[in-house]
Amino acid sequence: MLEQNAAESKIINTHHKAHKNTISAQAVLNGDIKGLKRLLPFLGPAFIAAVAYLDPGNFATNITAGSKYGYLLLWVIAASNLMAVLIQSLSAKLGIATGKNLPEVARERFPKSVSIFLWIQSELVIIATDLAEFIGAALGLYLLFDIPMLPAALITAVGSFAILELQRRGYRSLEAGIAAMVLIVVLAFAFQVIVAKPDLGAVAAGIFTPRFEGVDSIMLAAGILGATVMPHAIYLHSSLTQNRVVGKDEAEKKQIFKLEFIDILIAMLIAGAVNMAMIVVSAALFFKNGLVVEDLDVAFHQFSQLAGPVTAIAFGLGLLIAGLSSSSVGTMAGDVVMQGFINKRINLYLRRAITTIPPLAIIFLGVNATDALVMSQVVLSFGIAFALIPLVIFTSNRQIMGGLVNHRVTSFLGWMISGLVVTLNLFLVYEMLV
């Protein structure tokens, strides 16, 4: 009886918090709240989606780029971030305009067989994504505490369940938890940048001067760009905005989108800054000393030798937190695609338990963690087109979007980015498999 009362109390408290945020949002829309405070009810969804841009796969790519080419490819991160802003804004806008997430709209618009296919491929992509994130977090525990990979993976599983518990407490608790974890990653890399003492002139040149040095640098740039768009982040963002604040008419929906767009800008700026920091630190420590580092465990030990153990700990902590937070976001995305594409749901904890099996198996078999990260990115590449192309199609349709339909320029940019990202991913898959 006491347990039942406690559960009911938790549900009531969650609903109360959601209702309170809705009231605050409506006060903003009515013009009763001014200044920076008007942003507060709308901040959060983009921070959850942005976690996908800080997963362990990014760590491996960025550390390699910095150690091989110094600050050369910083401009690729800047360009990737601009692409991410547009794509995530389209996803958020779809949820605001329709009150539905991307998989739900796809189920309504496409034949049943197509929806089933899209669901199956999206589940495979999310499993691959989850693999990278799970192994990254386990690797972080291994590096920090010298815990063998298999026990570290089991601890990671427990940690991801704890993060999912935040979702039961309401989206505000989840957003706060994820934002706190992102802050830890930001502080970890900010500390590393300070210790590494990079050449600020070279950093500025790297950001604003697009150039390459040979075919290998083009390949690595393609890897950075190709890994920018995460299918599960696209699916998830539309679900995070679909019922969060509901506009009563076209004018309110447009106002909601403008405020959510600020959320996207802030979150993507932070994600981009962290990715740039990875390259900057790698360039300032590894490239400067003539070291090419392609494995994350090697990077950890080299950080310790070149900049001290605290710097290495900051790197390991960033990897651990990024892996934990992004794996939980992947589980949430899996719930969204199943509900959206085929209108079915399974318990979130059961889903989390099922998705821990592949990474545990790979770790048990002794597969190199960095190699597993790379292969997961290959699988992920196959799903890019199936998320991005429907998104541009739907947001360009006035019948679906109403007043929030894409401007012609927005649609043109969306198609350009779609073509570029899909081409780069196909190119990467070809190069990795031949």
Side-chain angles (χ1 to χ4, degrees), residues 53-81 132 136 139-140 143 185-228 270-319 322 368-371 373-374 377 424 428 431-432:
Y53 295 87
L54 298 175
D55 75 2
N58 294 63
F59 279 61
T61 307
N62 293 332
I63 293 298
T64 301
S67 69
K68 278 189 173 182
Y69 299 104
Y71 308 103
L72 179 77
L73 298 179
L74 279 172
W75 69 272
V76 180
I77 298 289
S80 300
N81 225 48
L139 183 60
L143 295 173
V185 177
V186 170
L187 292 175
F189 278 95
F191 172 77
Q192 282 192 298
V193 170
I194 292 171
V195 172
K197 299 178 181 177
D199 181 338
L200 296 182
V203 170
I207 294 173
F208 297 107
T209 311
R211 60 194 179 93
F212 297 106
E213 286 182 5
V215 177
D216 284 345
S217 69
I218 298 174
M219 277 283 295
L220 202 47
I224 295 171
L225 274 170
T228 296
I270 291 172
V274 172
N275 279 294
M276 284 188 184
M278 294 178 195
I279 290 183
V280 166
V281 171
S282 182
L285 294 177
F286 303 151
F287 180 77
K288 183 179 178 181
N289 288 283
L291 299 171
V292 175
V293 178
E294 297 180 316
D295 284 342
L296 295 179
D297 53 344
V298 174
F300 177 83
H301 295 300
Q302 288 296 337
F303 278 132
S304 183
Q305 289 183 21
L306 296 173
V310 178
T311 306
I313 290 170
F315 175 76
L317 183 62
L319 180 62
N368 178 274
T370 303
D371 290 343
L373 291 178
V374 172
Q377 299 305 303
L424 287 173
L428 281 175
E431 288 293 329
M432 287 179 178

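By convention here, the first residue in the shown sequence is residue 1. Note that the coordinates shown come from a computational prediction; the quantities given were computed from them, not determined experimentally.
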- Does the D199 side chain pair with the main chain of A202, one donor and one acceptor, at a distance under 3.5 Å? yes

- Item | side chain to side chain donor-acceptor pair (under 3.5 Å) involving K288 - partner list, sequence neighbours excluded | none

- Message: I need the minimum non-hydrogen distance between M276 and L74, along with the two atoms involved.
- Response: O-CD2, 3.7 Å

- Apply side-chain contact (heavy atoms from CB on, under 4.5 Å) to E294 and K68, showing your working. CA-CA 9 Å; E294 297 180 316; K68 278 189 173 182; 3.2 Å; yes

- S67 side chain to T64 backbone, donor-acceptor under 3.5 Å: yes

- Message: side-chain contact (heavy atoms from CB on, under 4.5 Å), that's the test. Do S282 and I63 meet it? Break it down for me.
- Response: CA-CA 5 Å; S282 182; I63 293 298; 4.0 Å; yes

- Query: Which atoms form the tightest heavy-atom contact between N289 and L285, and what is the distance?
  - Reply: ND2-O, 2.5 Å

- Is N275 reaching over with its side chain to a backbone N or O of Y53, donor-acceptor style, under 3.5 angstrom? yes

- Task: Hey, could you give me each pair passing salt bridge (Lys or Arg N to Asp or Glu O under 4.0 Å) that has a residue in residues 200-210? Not counting sequence neighbours.
- Result: none

- Nearest-0.5 Å distance, CG of residue L139 to CG of residue L296: 6.0 Å

- Note on the structure: Between the CZ atom in F191 and the CD1 atom in I313, the distance rounded to the nearest 0.5 Å is 9.0 Å

- Message: Ignoring hydrogens, what is the shortest heavy-atom contact between N81 and G272? Give both atom names and the distance.
- Response: OD1-CA, 3.3 Å

- Task: Could you tell me how the ring of F303 sits relative to the ring of F286: parallel (under 30°), tilted (30 to 60°) or perpendicular (over 60°)?
- Result: tilted

- Query: Can you pull the salt bridge (Lys or Arg N to Asp or Glu O under 4.0 Å) pairs that have at least one residue in residues 201-214, sequence neighbours excluded?
  - Reply: R211-E213

- Non-hydrogen atoms of P56 and L319 that approach each other most closely: CB-CD1, 3.9 Å

- Task: Kindly assign one of parallel, tilted or perpendicular to the pair F315 and F300, based on the angle between their ring planes and the thresholds 30° and 60°.
- Result: tilted

- For L54 and F59, work out which heavy atoms get closest and say how close. O-CE1, 3.6 Å

- Show your reasoning for whether side-chain contact (heavy atoms from CB on, under 4.5 Å) applies to Y69 and D216. CA-CA 10 Å; Y69 299 104; D216 284 345; 2.9 Å; yes

- Closest approach of V185 to A322 (non-hydrogen atoms, all atoms of both residues): CG2-N, 4.0 Å

- Task: Report yes if the side chains of V280 and Y71 come closer than 4.5 Å at any heavy-atom pair, otherwise no.
- Result: yes

- Item | Name of the residue among L73, N62, L72 meeting side-chain contact (heavy atoms from CB on, under 4.5 Å) with L220 | L73

- Donor-acceptor contact below 3.5 Å, side chain S217 vs main chain G214: yes

- Are L291 and L306 close enough, and set up right, to give a side-chain contact (heavy atoms from CB on, under 4.5 Å), and what steps lead you there? CA-CA 11 Å; L291 299 171; L306 296 173; 3.9 Å; yes

